[in-house]
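The structure appears right after this line, and notes come after that.
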Number of protein chains: 2
Amino acid sequence: MRAQAKKTEAAEVVDTRTRIVRATALFLQRQGYEGTSIKRIGAEAGVTPGSVYHFFPGGKEQLAAEALRYGAEEFTELLRSGLDSTPDPADAVAACALLLADSLRESEWTDGCPVAAAALETIGASPEIQRASDESLQHWQNLLANKLTAGGIAEAAARALACTIISTMEGAELLCRVSATDQPLRTAAEHLAQLVRLQERSADPE
Amino acid sequence: MRAQAKKTEAAEVVDTRTRIVRATALFLQRQGYEGTSIKRIGAEAGVTPGSVYHFFPGGKEQLAAEALRYGAEEFTELLRSGLDSTPDPADAVAACALLLADSLRESEWTDGCPVAAAALETIGASPEIQRASDESLQHWQNLLANKLTAGGIAEAAARALACTIISTMEGAELLCRVSATDQPLRTAAEHLAQLVRLQERSADPE
DNA sequence: GTCTATATAGCGATAGAC
DNA sequence: GTCTATCGCTATATAGAC
């Protein structure tokens with residue numbers, strides 16, 4: 001059999017550019033932006049710094065912005081998975097928080113949100129990264145809002161709820177990782193479900 | 001009282017060590033841990049790097065841990081101010097979120113939580129900073145829980161609520177700073193007040 | 001497209017004069 | 001207690017061979 005890539009093979013083969021983006025996304029989740037060097041990214045991807053700059057002439061900032069969007073897509077999948085797990089919006093939101101807790105514990109709290117750390121480090125300093133962060137956070141809120149409106153919650157209330165859900169999940173993730181426990185996200189799951197049910201009742205006073 | 005400092009003076013006089021800690025706390029809020037250098041800290045404090053190491057032989061890590069606690073105390077004061085503004089726990093919690101929004105907007109979203117950025121960058125890499133972060137987050141939760149129990153909420157429910165309140169405020173701060181709007185924190189204030197009232201009713205079914 | 005080699009700068013940290 | 005000077009290292013980024 002040839003050495004070339006077949007999707008069915010166990011060891012996935014990806015092109016160099018993708019390996020670089022993946023390595024960057026991983027380090028952004030673990031150490032943020034400033035703590036991640038092009039040299040280490042290259043080493044993880046199996047290339048030299050020169051190759052990194054070949055694909056990303058805009059340097060570290062361009063690479064980070066693209067890796068941030070790449071990593072954000074993974075969290076989008078987690079959200080989709082949680083939201084599709086049940087038709088009930090409140091239960092679905094709780095499922096998302098619990099999935100996140102499981103995912104974080106799996107990496108022993110090392111691999112977190114690809115947006116949070118990099119965004120906090122570069123606010124007001126890198127418009128490129130800030131824009132990518134903002135778009136990811138907005139996208140997640142849209143996914144949630146769609147589920148909530150589909151469940152009968154009014155548009156405005158759904159958008160507000162979606163915003164608070166992302167806020168709470170982001171903050172609870174911080175507390176989980178710092179304390180190395182899943183309690184904050186499990187508690188958040190409970191409270192967010194209560195909050196969703198509260199808006200359901202407000203909108204539908206039968 | 002010492003001879004050098006008088007609190008009533010307009011231009012506050014502080015000793016070198018305190019100036020270094022303050023400068024570090026400021027940079028931690030703006031750029032996080034990795035993006036802050038000893039050289040810049042010294043420049044901001046008006047001393048050379050050598051002086052910084054004179055006061056902090058443990059280096060950047062020791063200095064950051066102490067500055068983090070120093071900066072956390074400022075947020076403690078903001079929390080106290082919000083909690084003391086009204087006897088009603090739900091209103092008090094909302095007041096805290098709104099005070100935070102005002103404080104962030106005042107710096108044009110540049111100066112954020114002294115814990116969040118540094119903690120996310122150093123999880124699993126600096127036990128010293130991680131411990132200081134954890135203690136600050138726990139302390140804030142204790143302040144909130146006391147207010148909630150004083151308002152008639154049962155101990156366990158109050159602790160859980162306090163955890164979610166800090167989670168939501170931390171996450172909403174991230175969303176506010178990234179989007180340069182106060183909407184996430186204002187929405188969070190509303191939702192957190194609803195959540196507190198919900199536990200009040202559960203505990204006291206009159 | 002990937003490499004070696006390097007330019008330039010900044011980093012954390014230390015030694016020792018004053 | 002504060003300084004100057006510097007060590008050893010790493011950073012981002014570039015130039016050019018292959």
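Bear in mind the structure is a predicted one, so any value in this text is a computation, not a measurement. Naming: A, B, ... by sequence-line order, numbering from 1 per chain.
Residues from residues 56-70 of chain A lying near DNA chain D, meaning a heavy-atom separation below 4.0 Å, are A:Gly59, A:Lys60 in numerical order. At a non-hydrogen distance threshold of 4.0 Å, A:Thr36, A:Ser37, A:Ile38, A:Lys39 from residues 34-43 of chain A come into contact with DNA chain D.
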| said: Does A:Leu79 form a side-chain contact (heavy atoms from CB on, under 4.5 Å) with A:Leu99? I'd like the steps, not just the answer. | reply: CA-CA 8 Å; A:Leu79 270 188; A:Leu99 276 177; over 6 Å; no

| query | Checking salt bridge (charged side-chain N to carboxylate O under 4.0 Å, His left out) for the pair A:Asp134/A:Arg131: CA distance, chi angles, key distance, verdict? | reply | CA-CA 5 Å; A:Asp134 194 28; A:Arg131 194 178 325 115; over 6 Å; no

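In summary, of the residues considered (A:Leu68, A:Leu28, A:Thr24, A:Leu120), a side-chain contact (heavy atoms from CB on, under 4.5 Å) with A:Tyr33 occurs for A:Leu28 alone.
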Interface polar pairs with nucleotides 2-4 of chain C, N/O, under 3.5 angstrom:
{"from": "C:dT2", "atom 1": "OP1", "to": "A:Thr16", "atom 2": "OG1", "distance (Å)": "2.8"}
{"from": "C:dT2", "atom 1": "OP2", "to": "A:Thr16", "atom 2": "OG1", "distance (Å)": "3.3"}
{"from": "C:dC3", "atom 1": "OP2", "to": "A:Thr48", "atom 2": "N", "distance (Å)": "2.9"}
{"from": "C:dC3", "atom 1": "OP2", "to": "A:Thr48", "atom 2": "OG1", "distance (Å)": "3.3"}
{"from": "C:dC3", "atom 1": "OP2", "to": "A:Ser51", "atom 2": "OG", "distance (Å)": "3.3"}

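Side-chain contact, B:Thr149 with B:Glu155: no donor N or O sits under 3.5 Å from an acceptor N or O.
B:Thr18 places no side-chain N or O within 3.5 Å of a backbone atom of B:Val14 that could act as its donor or acceptor partner. Although no hydrogens or angles enter the test, the distance criterion places a donor-acceptor pair under 3.5 Å between the side chain of A:Gln130 and the main chain of B:Val178.
The distance between atom OH of A:Tyr53 and atom C1' of D:dA13, rounded to the nearest whole Å, is 5 Å.
Among residues two or more places apart in sequence or in another chain, the side-chain contact (heavy atoms from CB on, under 4.5 Å) test is passed with A:Ile38 by A:Pro49, A:Val52, A:Tyr53, A:Lys60, A:Leu63. In this view, A:Ser103 and A:Leu78 satisfy the side-chain contact (heavy atoms from CB on, under 4.5 Å) rule, not counting sequence neighbours.
The OG1 atom of A:Thr187 sits 12.0 Å away from atom CD1 of B:Ile165, with the distance rounded to the nearest 0.5 Å.
Listed by first then second residue, pairs satisfying ring pair (Phe, Tyr, Trp, His ring centres under 6.0 Å) with a partner in residues 120-161 of chain A read A:Phe75-A:Trp140, not counting sequence neighbours.
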